[in-house]
J.: 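Here it is, the structure, as structure tokens.
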Number of protein chains: 2
Amino acid sequence: MPEFTTLDHASLNGAVYGALCDALIEGRFQPGDRLKIRDLAEQFGTSVTPIRDAILRLANDEAITFRSPRDIRIPGLSESRYMEIRAIRIRLEGLAAETAAQVATSADIEALERILRENEAAIAAGDRLKGTQLNQAFHFMLPQIAGLPVLNGILRRLWLQMGPHISDAYIPGGRAMIDHHYPVVEALKRHDPAAASMAIVDDILLGGKPILERIERGEERIARRA
Amino acid sequence: MPEFTTLDHASLNGAVYGALCDALIEGRFQPGDRLKIRDLAEQFGTSVTPIRDAILRLANDEAITFRSPRDIRIPGLSESRYMEIRAIRIRLEGLAAETAAQVATSADIEALERILRENEAAIAAGDRLKGTQLNQAFHFMLPQIAGLPVLNGILRRLWLQMGPHISDAYIPGGRAMIDHHYPVVEALKRHDPAAASMAIVDDILLGGKPILERIERGEERIARRA
DNA sequence: CCGTCAAAAAAGATGCATCAAGTATCGTGT
DNA sequence: ACACGATACTTGATGCATCTTTTTTGACGG
């Protein structure tokens, strides 16, 4: 996460929370993985308290679940839950795109285009991690441009839940994740809210197809909901 | 909160979190109030740890803020932030109403009408607390009927942020909070998604007017954002 | 009477010891 | 060899002591 601030987490104190968020989004956890506070504490070179704090926050975000009081895991993502998240994202990112189209400055457009260029480079280099980060950076730029911090926080949480599931689907997706970003930028340039909204919806629907397909295939055996 | 489960909080452990959520929603905290962990611990008859856990979760929900590391407060609600939350609610509760209209059973309708009746009684009795609780129960019933748990969680968090601000505005509102609920139920009866969506939007817009007016008046002097 | 600085008190963060509950392991008896 | 049970271990929750930082407060000087 070099220059595009992936997620504005760690809004309050909590370095561990931020690190775990990153890990989640970068796909360094697999659905079903079990987390142990003491292990993480050792891993992070700290005591259990900060880890517990982070875990608690993540659990509150529903990014991790307590299957039983002593069994902390990365939850699966059922198809119905994915569809729900997708429907919410459509509404919310649609709102963000509309608003952004109305207020976007040329500097905003340039920032988006810079992300797009870097994303192209990442795809060309086959850098899956950087690809997902830049895809995410693009999506989070819209509410930021629109000046909608609450919306940003909601999307951040949703992303946390999808994190462990999208990174695996990235390679099969290939260019699917970025192709639909260009029409968004075009719509923002023309200050066309309706077009911007439709473009981002297209991206969510079509760009997310590989993820949905992966969930539909066999992955739900792990998909235990909280 | 006798029979209508106001909020499904305390999803994982954490009785204190649930209690604080209730307190927030029932308006027992004022914007600007300072929270002290040790005081709350004494108040709840427990040690600091469970309180800290709850505070941390609430802070993660942005229902309370750390103005500085040692200064925990109920945040104000700026006009722009209220407008943002309102816009989000319109999109999200609209989605919930649409979906609910498609799947609502007669039992669902009856549950809604029961809430309405109780709310009428609460208004007649001038019971502000019960009125806000039942208003809230109505709004949370829609995503529940629709089978949208993620949406429910998002709205729960937004409500937490509005909590300290709506209860004060309830009395001046009078019937405004309930009048617009009837068209929602009618639309659900007819299984008319578009009408249901429009009805709930009306409620958010018109029913929320007293709140907005109160914020617009002098209350923003306390309105410090995180 | 007001401003400034320092000392003390307040208060959250951290670490850790202990508790309780669940899980796994090992041994015994059939 | 297998089933059952007791013991030991794992692991999160809780409570608490301590540390650090901030805020209050009070005294002194202007």
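First the proteins, then the strands, lettered A, B, ... as listed; each starts at 1. All values below were derived from every heavy atom in this structure, side-chain atoms included, with hydrogens, water molecules and symmetry-related copies excluded.
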J.: Are B:Arg52 and C:dA13 close enough that a side-chain N or O sits under 4.0 Å from OP1 or OP2?
T.: yes
J.: Please name all residues satisfying salt bridge (charged side-chain N to carboxylate O under 4.0 Å, His left out) with A:Arg28, sequence neighbours left out, ordered by chain then number.
T.: A:Glu26
J.: What is the distance, rounded to the nearest whole Å, between atom CZ of A:Phe44 and atom P of C:dT14?
T.: 14 Å
J.: For B:Leu35, report the nucleic acid contact type (base, sugar-phosphate, nothing); a contact means any heavy atom under 4.0 Å.
T.: sugar-phosphate
J.: Could you give the CG-to-P distance, from A:Asp39 to D:dT11, as a whole number of Å?
T.: 7 Å
J.: Of all the choices, D:dG12, D:dT18, D:dT23, which nucleotide is nearest to the side chain of B:Ser68 once you look at every atom?
T.: D:dT23
J.: Give the minimum heavy-atom separation between B:Glu84 and A:Gly147, together with the two atoms involved.
T.: OE1-O, 4.4 Å
J.: How long is the line joining CZ of B:Arg67 and P of D:dT22, in whole Å?
T.: 16 Å
J.: Between A:Thr46 and C:dG15, is there a contact of a side-chain N or O with OP1 or OP2 at under 4.0 Å?
T.: yes
J.: Pairs under 3.5 angstrom, nitrogen or oxygen only, protein versus nucleotides 7-9 of chain C, please.
T.:
none

J.: To the nearest Å, give me how far apart CG (A:Asp53) and P (C:dG15) are.
T.: 11 Å
J.: Name the nucleic acid region contacted by A:Ile72, choosing base, sugar-phosphate or nothing; use a 4.0 angstrom heavy-atom cut-off, strictly under.
T.: sugar-phosphate
J.: Counting distance alone, no hydrogens or angles: does the base of D:dT22 have a donor or acceptor under 3.5 Å from a partner atom on the side chain of B:Arg70?
T.: no
J.: Any donor-acceptor pair under 3.5 Å linking the side-chain atoms of B:Thr132 with those of B:Asn135?
T.: no
J.: Side chain to side chain contact (heavy atoms under 4.5 Å, CB included) with B:Ala87: which residues, sequence neighbours excluded?
T.: A:Leu95
J.: What integer distance in Å separates A:Ile55:CD1 from D:dG12:P?
T.: 8 Å
J.: Please confirm whether the shortest side-chain N or O distance from B:Thr49 to OP1 or OP2 of D:dT14 is below 4.0 Å.
T.: no
J.: Going by the rule salt bridge (charged side-chain N to carboxylate O under 4.0 Å, His left out), which residues pair with A:Arg117 if we only count those two or more places apart in sequence or in a different chain?
T.: none
J.: Round to a whole Å and report the spacing from NZ of B:Lys36 to P of D:dT21.
T.: 21 Å
J.: Identify which nucleotide among D:dA13, D:dT20, C:dA13 has an atom closest to any side-chain atom of A:Ile37, counting heavy atoms from C-beta outward.
T.: D:dA13
J.: Hey, which of A:Asp61, A:Asp53, A:Asp22 is the one that makes side chain to side chain donor-acceptor pair (under 3.5 Å) with A:Tyr17?
T.: A:Asp61
J.: Whole Å only: how far is the CD atom of A:Glu42 from the P atom of C:dT14?
T.: 19 Å
J.: Checking B:Glu110 now: which residues fulfil salt bridge (charged side-chain N to carboxylate O under 4.0 Å, His left out) with it, not counting sequence neighbours?
T.: none
J.: By nearest heavy atom, map B:Arg38 and A:Pro50 onto DNA chain C; which one lands nearer the 5' end?
T.: B:Arg38
J.: Tell me which nucleotide among D:dT11, D:dT20, C:dG15 gets nearest to the side chain of A:Ser47.
T.: C:dG15
J.: Using the closest heavy atom to pick a nucleotide of DNA chain D for each, name whichever of B:Arg34 or B:Gly45 lands nearer the 5' end.
T.: B:Gly45
J.: B:Asp33: what forms a side chain to side chain contact (heavy atoms under 4.5 Å, CB included) with it, not counting sequence neighbours?
T.: B:Phe29, B:Gln30, B:Ile74
